[in-house]
Amino acid sequence: MMTRRDLSRALAAGAAAALLPGTAVAQDLPRARNVVLVHGLFADGSCWSEVIPKLQAAGLNVTSVQNPLTTFEDAVASAKRVLARQEGTTVLVGHSFSGMIVTEAGVDPKVSALVYVAARAPDAGEDYTALAKTYPTPPASAGIVFDGDEGRLGEAAFLKDFAGDLPADKARVLFAVQQPFHKALLAGKTTQAAWRSKPSFYAVSTEDRTIDPELERFMAKRMNARTVELKASHLSLISQPQAVADLILEAAGHRHGHP
């Protein structure tokens with residue numbers, strides 16, 4: 001039997017959800033059939049390899065986009081092509097830079113929810129670089145090296161500032177497969193913000209040295225996201241794959257992250 005305190009809490013939660021349209025409530029979400037994962041800079045599609053089997057075990061159809069990292073327009077187009085292949089409701093997930101891709105491409109009618117994993121989440125037309133400059137510069141920024149128009153993260157910065165909570169041998173493997181990005185990619189801006197109309201979820205990495213954790217918290221709060229904080233490096237999707245998978249499952253309509 002519901003006590004008066006329980007009833008008060010339920011009413012308060014309902015009122016809060018009504019006031020915050022971006023706030024996602026798992027039981028109100030449609031049960032998604034698909035999950036599309038998008039990787040960010042210094043990585044490739046295999047960076048989701050620890051999360052994918054956990055989602056597949058729940059019966060979800062999962063696709064990891066191979067982000068070209070050339071221009072923002074190319075990257076968005078790549079994600080849209082994958083979305084076009086999905087049949088039915090789809091959760092769109094972005095890590096790091098690809099939060100911009102999720103923000104842009106997530107307006108697709110198939111997309112039922114958005115998940116940001118230590119990711120950029122700009123507003124429509126917002127200059128993300130200018131926003132980031134209002135927070136302390138993360139240590140990883142100093143480790144970016146360029147060969148002409150191609151940028152990558154140097155090994156020392158990759159191991160310490162990008163993958164700091166992973167075993168060194170595992171981090172070195174990830175370093176070996178990182179894909180260079182083109183300078184032109186960083187000039188792109190979103191033209192729309194899907195998080196303003198779609199249920200949104202955010203996994204903050206509290207030990208992040210690639211995106212400032214306070215900036216992550218600001219973006220998550222601004223979009224009224226269902227937010228979890230993970231004591232993890234920028235690569236929480238590898239160091240804490242179960243927690244990340246649980247958040248995606250929740251966004252997919254699996255209450256409390258369980259099938």
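- A chain of hydrophobic side-chain contacts below 4.5 Å, direct or via other Ile, Leu, Val, Met, Phe, Trp or Tyr residues, connects Leu153 to Phe146.
- You'll find the side chain of Gln179 stays beyond 4.5 Å of the side chain of Asn67, heavy atoms only.
- Two residues are said to be in side-chain contact when any heavy atoms from C-beta on lie closer than 4.5 Å; Leu60 and Ile248 fail this criterion.
- Looking at heavy atoms from C-beta onward, Thr90 lies in side-chain contact with Val36 at the 4.5 angstrom threshold.
- Using a 30° and 60° split on the angle between ring planes, Tyr135 and Phe218 fall in the tilted class, from 30° to 60°.
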Take Leu174 and Leu166, measure what side chain to side chain contact (heavy atoms under 4.5 Å, CB included) needs, and give me the verdict at the end. CA-CA 10 Å; Leu174 295 169; Leu166 299 183; 3.5 Å; yes
Please step through side chain to side chain contact (heavy atoms under 4.5 Å, CB included) for the pair Arg85 and Thr63, ending with a clear verdict. CA-CA 10 Å; Arg85 296 202 302 267; Thr63 307; 4.1 Å; yes
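- A donor atom on one side chain and an acceptor atom on the other are found under 3.5 Å apart for Thr191 and Glu104.
- Under the rule for a side chain to side chain contact (heavy atoms under 4.5 Å, CB included), the partners of Asp208 that lie at least two apart in sequence or sit in another chain are Ala118, Ser205, Thr210, Ile211, Pro213, Glu216, His234.
- Under the 4.5 Å side-chain criterion, counting only non-hydrogen atoms from C-beta, Val177 is not in contact with Phe42.
- Residues Arg31 and Thr89 have side chains not in contact (no heavy-atom distance under 4.5 Å, counting atoms from C-beta outward).
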From CA spacing to verdict: side chain to side chain contact (heavy atoms under 4.5 Å, CB included), Asp123, Arg222: CA-CA 9 Å; Asp123 205 345; Arg222 180 172 65 171; 4.3 Å; yes
Would you sort out whether Arg226 and Tyr202 count as a side chain to side chain contact (heavy atoms under 4.5 Å, CB included), showing the intermediate values? CA-CA 6 Å; Arg226 153 82 169 99; Tyr202 201 110; over 6 Å; no
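- Between Asn61 and Gln86, the side chains place a donor N or O and an acceptor N or O closer than 3.5 Å (distance only, hydrogens not considered).
- Other residues, nucleotides and ligands contribute only 12 or fewer heavy atoms inside 6.0 Å of the NZ atom of Lys160.
- Taking the side chain as every heavy atom from C-beta outward, Asn34 and Val91 never approach each other to under 4.5 Å.
- A salt bridge links Glu229 to Arg217: one of the charged nitrogens lies within less than 4.0 Å of a carboxylate oxygen.
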Please test Tyr128 against Phe97 for ring-ring contact (aromatic ring centres under 6.0 Å, His included), starting from the C-alpha separation and ending with a verdict. CA-CA 10 Å; Tyr128 175 83; Phe97 175 87; 8.3 Å; no
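- A search for side-chain hydrogen bond (donor to acceptor under 3.5 Å, both in side chains) contacts involving Gln240 returns nothing, not counting sequence neighbours.
- In terms of heavy-atom proximity, Leu230 sits nearest to Ala243 at CD2-CB, 3.7 Å.
- Using a 4.5 Å cut-off on side-chain heavy atoms (C-beta onward), Thr103 and Tyr116 make contact.
- Taking the ring centre of Phe72 as origin, the terminal cationic atom of Lys189 falls outside the region bounded by 6.0 Å and 45° from the ring axis.
- The shortest distance between side-chain heavy atoms of Val115 and Val244 does not fall below 4.5 Å.
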